Trainee: 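Take a look at the following structure, please.
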Amino acid sequence: MSSVTLFNPYLAKSRKCHVEIEIIDHKLGSIKEKSIKDAMKDRGFEAKSGQIFPVYDKDQDIKKIYAGISDASSYEDAGKIFNAAKGLFAESALKKTSFSIASKTLKKAALERLHIGWGLASYNFDRYKQNKNGEKPKLVIAKDQNTKRIQTYVEAVCLVRDLVNTPANDLGPEELEKAIKSFAKNHDLTVKTIKDKPLLEKKFPMIYAVGKGSARGPRLLEFTWGDTKNLKLTLVGKGVCFDTGGLDIKPSSAMLTMKKDMGGAAHVIGLSHLIMNLKLPVRLHVLIPAVENSISGDAYRPSDILQTRKGITVEVGNTDAEGRLILADTLTYACEKKPKMLIDFATLTGAARIALGFDLPGLFSNNEKTARKIQDLSASEDVQDPVWNLPLWKPYRKELDSHVADIRSSTGGSAGATAAALFLQEFMDKSVEWVHLDVYAWEQNGKPSRPKGGADTGMRAMYAFLEERFKK
Ligand code: BES
Ligand code: ZN
Ligand code: ZN
């Protein structure tokens with residue numbers, strides 16, 4: 001994958017056959033026509049989440065659909081309605097039909113979520129299939145909605161999905177660079193790449209060390225955007241295009257999903273898309289260390305002692321703890337530019353998954369208030385993208401002490417997600433407000449609006465937080 005295309009599931013205008021989907025409440029209160037209300041009651045229609053009630057004209061064509069949602073109006077509701085609507089029409093009919101979503105009672109934000117959820121349900125990753133998945137029901141965005149915002153959300157989420165879903169044979173460090181260049185070009189930006197071996201070895205010794213075992217060379221990707229007068233926000237994303245675990249090799253079941261180990265980078269690209277398209281007034285600095293963690297005669301080893309950009313020496317505990325190494329040099333570099341705030345996303349530890357499962361990213365911050373604020377906001381009705389605060393527990397720092405170097409990269413002990421975060425903190429400047437998200441970047445089971453595979457976790461929550469923090 002060397003170029004990115006933005007996913008657009010929406011129609012600019014209605015088709016010949018247009019079907020309005022009206023969202024109604026459980027008590028059917030907004031239905032004025034008695035005959036329809038009676039028919040609904042007769043057929044046990046209670047407007048539950050995803051339940052639909054089609055109304056036919058005299059030619060037996062569907063002229064309208066009533067639909068129910070949950071109390072909070074969720075993306076999942078829209079996904080269920082999407083699936084139900086799809087099931088009502090033959091493929092040939094779907095090609096001629098457009099849909100819209102309306103409601104007499106819902107607030108604009110609730111309807112916006114349904115629009116976005118419908119778009120997210122339209123996505124599937126069929127790039128490698130000869131038989132593409134069939135025709136999708138197409139939505140026309142309601143006039144009173146913010147089209148740009150809805151489209152940007154769907155584009156951002158589907159960018160994450162596409163990048164993560166693309167297998168590592170087509171997305172190594174070089175292809176990730178090309179993909180980011182193509183993304184940046186759409187925003188009229190240029191990407192700076194540092195990949196020259198001697199330069200990387202000197203300036204970013206840990207990115208070099210982790211990447212040198214692969215024939216596909218490591219690199220650091222960088223771009224900036226926005227008015228230099230605005231507050232500086234830096235985003236850093238772990239871009240491990242494939243994580244074999246290196247010499248401390250992963251078991252096959254754990255390796256199977258490791259094409260997603262650049263999920264942090266994908267989140268940063270998606271979040272940048274939201275920030276730039278929706279014009280958040282910040283000076284944005286994006287940094288992505290891109291490597292492949294491979295096994296070869298050139299691979300770095302457990303017990304190697306690495307130099308770092310910061311000058312601290314690092315004893316490698318386990319070559320599978322590669323993410324924190326490439327991030328550490330990147331954080332040092334990022335902090336040299338004195339940002340106001342730095343956010344990093346990384347598929348960093350299995351331990352975060354053991355603590356929180358697949359759906360909840362672990363959130364760490366050197367500012368407790370900020371961490372709490374983000375956790376609260378993430379679970380709110382408007383955001384619905386929960387993240388969970390985990391401790392940057394100082395007393396555990398001593399577990400990272402090394403007998404031979406300034407610090408070791410892993411402990412092999414308990415609280416693995418905290419240990420990884422404490423390691424990263426060593427490379428942060430105390431004066432920079434820092435948020436670290438240990439994400440899974442993968443939907444394990446598949447839900448309406450959220451197909452199995454690459455998935456965003458915490459990206460929308462962070463955008464909601466940034467909007468609150470930075471919007472003028
Ligand atoms: N990419 C993995 C973390 C990971 C594993 C994320 C599974 C999501 C699901 C990371 O590079 C890793 O392997 N970390 C090790 C660190 C350990 C060796 C200290 C881990 O968590 O097991
Ligand atoms: Zn690893
Ligand atoms: Zn990894």
Side-chain angles (χ1 to χ4, degrees), residues 160 164 168 171-173 176 206-207 209-211 213-214 218 236-267 288-295 299-304 306 314-330 344-362 364 390 396-397 399-400 402 407-424 436-445 452-458:
V160 175
V164 173
L171 193 81
L176 183 58
M206 291 205 285
I207 299 178
V210 171
S214 171
V236 173
K238 172 177 171 182
V240 175
C241 293
F242 195 78
D243 183 8
T244 63
L247 289 169
D248 283 357
I249 188 168
K250 279 186 187 295
S252 49
S253 60
M255 207 190 292
L256 197 57
T257 53
M258 281 301 130
K259 67 172 182 181
K260 77 175 173 71
D261 215 21
M262 34 57 68
H267 276 68
I288 292 171
V291 304
E292 179 168 16
N293 190 19
S294 281
I295 301 168
Y300 80 128
R301 311 158 195 83
S303 82
D304 278 0
L306 306 180
V314 174
E315 177 195 3
V316 176
N318 185 315
T319 59
D320 200 6
E322 82 298 338
R324 63 196 73 180
L325 304 180
I326 62 169
L327 290 171
D329 272 349
T330 310
D344 78 77
F345 285 87
T347 49
L348 203 61
T349 69
R353 295 314 110 218
I354 291 166
L356 298 170
F358 303 121
D359 295 349
L360 287 173
F364 298 85
L390 293 177
Y396 292 167
R397 164 62 185 82
E399 312 266 336
L400 290 167
S402 162
I407 191 169
R408 58 177 178 160
S409 61
S410 59
T411 64
S414 47
T418 289
L422 286 169
F423 179 86
L424 294 181
H436 158 58
L437 288 122
D438 193 331
V439 298
Y440 192 52
W442 193 259
E443 166 59 43
Q444 198 77 357
N445 305 309
K452 190 176 162 148
D456 63 308
T457 44

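The figures that follow rest on heavy atoms only: side chains count, while hydrogens, waters and symmetry mates do not. Both counts, for ligands and for their atoms, begin at 1 and track the order of listing. Just so we're clear, the structure is a prediction, and the values are computed from it rather than from any experiment.
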Trainee: I'd like to know if the Zn ion (ligand 3) has an N/O/S atom from K238 within less than 2.8 Å of it, counting both backbone and side-chain atoms.
Mentor: yes
Trainee: Could you tell me whether T349 and ligand 1 have an N or O pair separated by under 3.5 Å?
Mentor: no
Trainee: Of all N, O or S atoms in E322, which has the smallest distance to the Zn ion (ligand 2)?
Mentor: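 The Zn ion (ligand 2) is closest to the E322 atom OE1, counting only N, O or S.
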Trainee: Regarding D320, does it place an N, O or S atom less than 2.8 Å from the Zn ion (ligand 2)?
Mentor: yes
Trainee: Without hydrogens or angle criteria, can the side chains of D261 and T347 be said to hold a donor-acceptor pair below 3.5 Å?
Mentor: yes
Trainee: Grab the two heavy atoms, one from A265 and one from I288, that are nearest each other, plus how far apart they are.
Mentor: CB-CG2, 3.7 Å
Trainee: Does any N/O atom on R353 come nearer than 3.5 Å to any N/O atom on ligand 1?
Mentor: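 No, since none of the N or O atoms of R353 sits under 3.5 Å from an N or O of ligand 1.
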Trainee: Any nitrogen or oxygen of R324 lying under 3.5 Å from a nitrogen or oxygen in ligand 1? Just yes or no.
Mentor: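 So ligand 1 has no N or O lying under 3.5 Å from an N or O of R324.
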Trainee: Examine Y440 against ligand 1 and note whether any of their N/O atoms are separated by less than 3.5 Å.
Mentor: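 Not met; the criterion fails.
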Trainee: Indicate whether any N or O donor in one side chain lies under 3.5 Å from an N or O acceptor in the other, for E399 and T411.
Mentor: no
Trainee: If you measure every N/O of D243 against every N/O of ligand 1, is any gap under 3.5 Å?
Mentor: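 Yes: some nitrogen or oxygen of D243 is under 3.5 Å from one in ligand 1.
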Trainee: D243: which N/O/S atom is nearest the Zn ion (ligand 2)?
Mentor: OD2
Trainee: Strictly distance-based, threshold 3.5 Å: is any side-chain N or O of R324 a donor or acceptor partner for the main-chain N or O of S409?
Mentor: yes
Trainee: I want to know if ligand 1 touches G350 in the polar sense, i.e. an N/O pair below 3.5 angstrom.
Mentor: yes
Trainee: Please determine whether any non-hydrogen atom of M262 lies less than 4.0 Å from an atom of ligand 1.
Mentor: no
Trainee: Any idea which part of T411 is under 4.0 Å from ligand 1, heavy-atom wise: side chain, backbone, both or neither?
Mentor: neither
Trainee: Check N318 against ligand 1 and report side chain, backbone, both or neither, counting heavy atoms closer than 4.0 Å.
Mentor: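 Within the 4.0 Å criterion, N318 contacts ligand 1 through side-chain atoms alone.
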Trainee: K260 vs F242, test: side chain to side chain contact (heavy atoms under 4.5 Å, CB included). Steps then yes/no.
Mentor: CA-CA 7 Å; K260 77 175 173 71; F242 195 78; over 6 Å; no
Trainee: Check for a donor-acceptor pair, side chain of R301 on one end and backbone N or O of T319 on the other, with a separation under 3.5 Å.
Mentor: no
Trainee: Taking just the N, O or S atoms of D261, which one is nearest to the Zn ion (ligand 3)?
Mentor: OD2
Trainee: Below 4.0 Å, non-hydrogen atoms only: which portion of K260 touches ligand 1? Side chain, backbone, both or neither.
Mentor: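 It is the side chain that gets close, since no backbone atom is under 4.0 Å.
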Trainee: Can you tell me if H267 uses its side chain to pair, donor with acceptor, with the backbone of T457 under 3.5 Å?
Mentor: yes
Trainee: Taking atom types as modelled, is there a side-chain donor on D438 or T349 under 3.5 Å from an acceptor on the other?
Mentor: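 A donor-acceptor contact under 3.5 Å links the two side chains.
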Trainee: Tell me which part of M255 gets within contact of ligand 1: side chain, backbone, both or neither, using heavy atoms under 4.0 Å.
Mentor: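 It is neither; nothing of M255 touches ligand 1.
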